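Remember, it's 1-based here, ligands and their atoms both numbered in the order they're listed. The basis for the numbers below is simple: all heavy atoms, side chains too, and nothing from hydrogens, waters or symmetry mates. Quick note: residue numbers are just sequence positions, from 1. The structure displayed is predicted, hence computed values, not measured ones.
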Amino acid sequence: MKMKKFGSALGLILAAALTVAGCGGGTEQKPAANPGGGEKPAAEGPKYTFRLAETHPADYPTTKGDKKFAELVNQKSNGRITIDVFPSAQLGEEKAVIEQVQLGAIEFTRVSTGALGDFNKDYGVFSLPYIFDNDDHVWKFLLSDDGSKLLDSLESSKMKGLAYYSSGSRSFYSSKPITKLEDLKGMKIRVIQNKINIDLMKALGASATPMPYGEVFSSLQTGVIDAAENNYPSYYSSKHYEVAKHMLLDHHQRVPEVLLISKTTWDKLSEGDRKIIKEAAVESIQYQRDEWKKYEKESEDKVRAAGATITEVKDIKPWQEAVKPMIESYRGEYGKVLDAIDKARAK
Ligand code: GTR
């Protein structure tokens with residue numbers, strides 16, 4: 001629907017965004033690294049300079065994954081395809097970036113699957129609480145056929161999923177002491193904007209305040225919100241721990257990260273270039289997962305050392321009970337994929 005509004009302006013945006021040989025803004029291409037022994041198809045074809053939008057800073061594991069992906073694309077194309085990674089939300093907050101990617105004005109992005117729920121209903125499933133046991137379970141599902149099908153389903157939303165990245169688990173943190181479920185009652189909790197998050201907070205007795213990630217720090221500081229929720233790496237790198245030093249680990253969501261290309265950009269690429277991009281994305285996964293593990297531990301150590309009070313929920317049952325009716329209300333929509341997630345556990 002949104003696409004229509006932009007009408008003919010779209011052509012102009014695309015022409016500007018898809019920088020072909022000769023109009024690359026004077027970007028000097030590195031000499032071909034040529035690791036593949038000079039495969040002909042990679043060396044031939046137009047030169048491109050694309051942009052990849054990333055919300056996190058340069059040293060964050062997703063940004064490192066993006067850069068690895070860009071480096072691999074550059075190598076595999078013998079220097080023909082350059083992807084410039086723009087960290088720290090320089091190209092905008094996640095929701096705005098996704099809209100730009102749908103239009104083809106930004107070619108690539110890495111976002112949380114949580115942010116995709118309002119753009120593609122299938123993605124809502126990741127925001128349902130306590131559906132995965134641990135990271136291993138998440139990856140068993142992501143790497144299964146059902147996980148790949150979900151990546152493909154983004155095509156109906158003008159995007160194409162290239163690869164999933166690790167994102168650990170999300171838990172609550174507040175400026176007020178929180179050590180148990182009851183402490184969340186009546187709290188205003190910032191969430192990534194999507195319908196399921198709003199229902200989830202209600203089920204836990206709180207109220208959801210959707211807002212962009214970049215506004216959370218000041219909103220916690222000024223008391224516009226009482227709490228937020230995220231994984232250790234985001235809690236640390238965003239400095240939220242400085243203004244919300246009480247963390248309660250319930251691990252309610254495991255919403256993976258995803259690397260995307262605009263469908264408009266994808267459709268313009270040759271088969272050979274598509275292959276390069278897909279392969280590079282898949283090859284960057286292991287690197288990102290390793291970086292994630294390291295940074296997750298490091299960020300936990302750092303927030304603890306800085307004096308954050310961290311409470312692990314001992315008995316998760318009451319939490320699971322509280323959200324059961326809400327999960328059931330979504331079973332009609334997500335029953336099949338929830339069964340696939342359950343099945344992945346045994347793989
Ligand atoms: C992080 C995620 C970001 C963003 C952020 C948020 O864990 O990596 O892409 O979605 O959470 O809460 O907005």
Short side-chain donor-acceptor distance under 3.5 Å, Asn197 and Gln193: no
Does any N/O atom on Glu94 come nearer than 3.5 Å to any N/O atom on ligand 1? yes
Ligand-residue contact atoms, ligand 1 with Ser112, heavy atoms, under 4.0 Å: 9 (O), 10 (O)
Between Arg190 and ligand 1, does any nitrogen or oxygen pair lie at a separation below 3.5 Å? yes
At a non-hydrogen distance cut-off of under 4.0 Å, which region of His240 contacts ligand 1 (side chain, backbone, both, or neither)? neither
Counting heavy atoms only, which of Leu116, Asn230, Val255 is nearest atom 7 (O) of ligand 1? Asn230
What protein heavy atom sits nearest atom 1 (C) of ligand 1, and how far off is it? Ser234 OG, 3.4 Å
Are any non-hydrogen side-chain atoms of Lys76 and Glu283 less than 4.5 angstrom apart? yes
Numbered atoms and elements of ligand 1 in range of Glu257, under 4.0 angstrom, heavy atoms: 2 (C), 8 (O), 9 (O)
Is there a donor-acceptor contact under 3.5 Å linking the side chains of Ser112 and Glu94? no
Counting only nitrogen or oxygen atoms and a 3.5 angstrom limit, does Thr55 reach ligand 1? no
If you measure only the distance, is there a donor-acceptor pair under 3.5 Å linking the side chains of Asp199 and Tyr330? yes
Heavy-atom distances under 4.0 Å are what count here, so tell me which part of Thr62 touches ligand 1: side chain, backbone, both or neither. neither
Are a donor atom and an acceptor atom from the side chains of Thr309 and His246 found within less than 3.5 Å of each other? yes
In terms of the angle between their ring planes, are Phe217 and His240 parallel, tilted or perpendicular, with boundaries placed at 30° and 60°? tilted
Tell me which part of Asn231 gets within contact of ligand 1: side chain, backbone, both or neither, using heavy atoms under 4.0 Å. side chain
Non-hydrogen side-chain atoms of Glu107 and Thr264 separated by less than 4.5 Å: no
Using only heavy-atom distances, determine whether the side chains of Ser234 and Tyr60 contain a donor-acceptor pair under 3.5 Å. yes
So, is Arg110 polar-close to ligand 1, with some N/O to N/O distance under 3.5 Å? yes
